[in-house]
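Letters go in sequence order (proteins before strands), and every chain restarts at 1. Please read these numbers as outputs of a predicted model, since none were measured by experiment. Basis for what follows: all heavy atoms, side chains included, without hydrogens, waters or symmetry-related copies.
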Amino acid sequence: MLSERAKEEIIRAMERFPERRTGLLPALRLAQDEQGYLSSQVLAEVAAIFGLAPAEAQAVASFYTMLRRRPTGKHLIQVCTNLPCSLSGAEGLLDHLKARLGIGVGETTPDGLFTLETVECLGSCGTAPVVQIDEDYHENMSAEAIDAVLARLAGG
Amino acid sequence: MGERIVLRYTDDPEQSDIATYVRKGGYQALAKALKELSPEAVVDLVKRSGLRGRGGAGFPTGLKWSFIPKDPALPRYLCCNADEGEPGTFKDREIMEKDPHELIEGIILSSYAIGAHLAVIYIRGEFAYAARQLARAVQQATAKGYLGRNILGSGYDLDVVVYRGAGAYICGEETALLESLEGYRGQPRLKPPFPATAGLYRKPTVINNVETLANVPYIVLNGPEAFTAIGTPRSPGTKVFCLSGQVNRPGNYELPMGTPLREIIFEHGGGVRDGKQLKAIIPGGPSTPTFTAAHLDVNMDFESVAAAGSMLGSGAVMVMDETVCMVWAALRLTEFFRHESCGKCTPCREGTYWLAHLLGRIEAGQGQDGDIELLLDICDNMAGKCFCPFGDAAIAPVQGTVKHFREEYQQHIRHGGCWRRSVVRSQ
Ligand SMILES: Cc1cc2nc3c(=O)[nH]c(=O)nc-3n(C[C@H](O)[C@H](O)[C@H](O)COP(=O)(O)O)c2cc1C
Ligand code: SF4
Ligand code: FES
């Protein structure tokens, strides 16, 4: 269930633009930020606020990679494997992360702490290789540097 | 290094704060325009500057603005395209993070020129920090009277909204961006009607790239002649080249249009990493056909790159050294296109899938006789037959690498694989 606060924020997003539906993407992001992912129930709640059928909200959500229909681990690790990052060692970095976390791409560690994914160019190729963890970019990454980041996250 | 415009002050860590921006002459162009210039006069200045879109296509900006109907009673909108997703491109992000007010001032001037009272910055969903920087800049500019109602006492009102995308490369295509902004799946629209007549909410709309808009304050303040003094006659001004891949100093370099590729890679970028030989260059992002070391003397402006058989595109210069397998490079880029195809039209949705499938098979050493011809045949079936320009872009990696490195494909098929892969892997 969405909190009253989230619902209020969604209504504000809806009323911010000349046409209400422009608020749908911000609303889905707000819902996901609060709930962690977009379950069918949450999608239906958001759809109802906009006067849309649940399937309509679902169709929109499924188009965008940042909108998630399934929960992830506490921290989402996204390794950029597009060409510039791959030319600077992204594949080796990914192998290192798989081995260290003991999981494959698309999987979550048994303790629920980390989910590992690959992504296409993050728009930071001047400081390749780049790994995005949750909202933050970690640039010029090496195996040692990423280990330090993970240790900090696991500790905190 | 010649004159810099959009990245002129980005070395100053305080530049994103409005006090620093104003101290260095920021918002003077806006004050000047609102006091001395009619909207038509601003359009005219930008037309005379010869500024061309920095989002990839190079369309003349002033001309684009002049398509907006004159009747001021009709609502119209400005959309800033900040979706920056073309692999190898990271210039808009730097502008937004380090000098957000420059973009905001450019947006206010451009909105004034076309008579818009609402401007939306559609920013790539992953760019959380840049979105925060922009939101702060909007807040600061509003507090100082550069935004909002009755800007600087001129009677002109403008509302600027930062709108975050949610992860879809195709939303950088302008009509897909509009679909997304209206709350739908971000799939391109049929053109015509063009956005200038029926854009956001079916109202006249101008869509411009971040770097394009960030050039506008300079042009308004210093005049079109200052701008045309830089670059080439048909591609005036500077361009931010995003240098990536196997060079010693990757990064953004703002240089005059027409700077030779050799100078960008060797002088500014410090040459190929680890003393290796240069093998291939992608001059303007993966949508642009591949160059080789034989192209180093091409000047990087719209006309010269086109004459040499590629495109300036977004200015993403990717450098590959002698150890890189070109089949592997084409595969990585084609997998990107397969992943990002929006699925609306069959030649692109199916074509990108099959290109990636065949490349994967060749790269893995399971290629068959006739696979190269099959790849080219699929490209033929996509070229000019897709619903939006993404389809034509998606065939560039295959076509470019087969053209220049066909024997590498043949070797893979004949010998069942590739020795280079292990070189890249072990780095
Ligand atoms: C597949 C595709 C992706 C695009 N991505 C972007 C982008 O990320 N940023 C951008 O400014 N333009 C992008 N464009 C170009 C836009 O459609 C549009 O031409 C541009 O924003 C116009 O601005 P400009 O005239 O200032 O260059 C893309 C085009 C296509 C076909
Ligand atoms: S060419 Fe590709 S991206 Fe463009 S509409 Fe067709 S499927 Fe979508
Ligand atoms: S390729 Fe990784 S950030 Fe661009």
State plainly whether the residues B:R332 and A:E120 are in salt-bridge range, i.e. N to O under 4.0 Å. yes
Just so I know, are the side chains of A:L25 and B:S180 near enough to count as touching, which here means a heavy-atom distance under 4.5 Å? yes
B:R202: what forms a side chain to side chain donor-acceptor pair (under 3.5 Å) with it, not counting sequence neighbours? A:E19
Nearest 0.5 angstrom please: A:Y64 OH to B:C171 SG, how far? 4.0 Å
With a 4.5 angstrom heavy-atom cut-off, which part of B:R164 approaches chain A: side chain, backbone, both or neither? both
Under 4.5 Å from a heavy atom of chain A, the part of B:I170 involved: side chain
Of all residues at least two apart in sequence or in a different chain, which pass the salt bridge (charged side-chain N to carboxylate O under 4.0 Å, His left out) check with A:R100? A:D147
Residues 127-140 of chain A vs chain B, non-hydrogen distance cutoff under 4.5 Å, contacting residues -> A:Q132, A:E135, A:Y137, A:E139
What do the steps show when you test B:Y163 against A:T22 for side-chain hydrogen bond (donor to acceptor under 3.5 Å, both in side chains), and what is the final call? CA-CA 10 Å; B:Y163 191 93; A:T22 294; 5.7 Å; no
Which atoms of A:Q78 come close to chain B, meaning under 4.5 Å heavy atom to heavy atom: side chain ones, backbone ones, both, or neither? neither
When you measure from the side chain of A:R21 to the backbone of B:G183, do you find a donor-acceptor pair of N or O atoms at a distance under 3.5 Å? yes
Which side-chain N or O atoms in residues 26-33 of chain A pair as donor and acceptor under 3.5 Å with protein atoms at least two apart or in another chain?
from  : atom 1 : to     : atom 2 : distance (Å)
A:R29 : NH1    : B:G165 : O      : 2.4
A:Q32 : OE1    : A:R68  : N      : 2.7
A:Q32 : NE2    : A:M66  : O      : 2.7

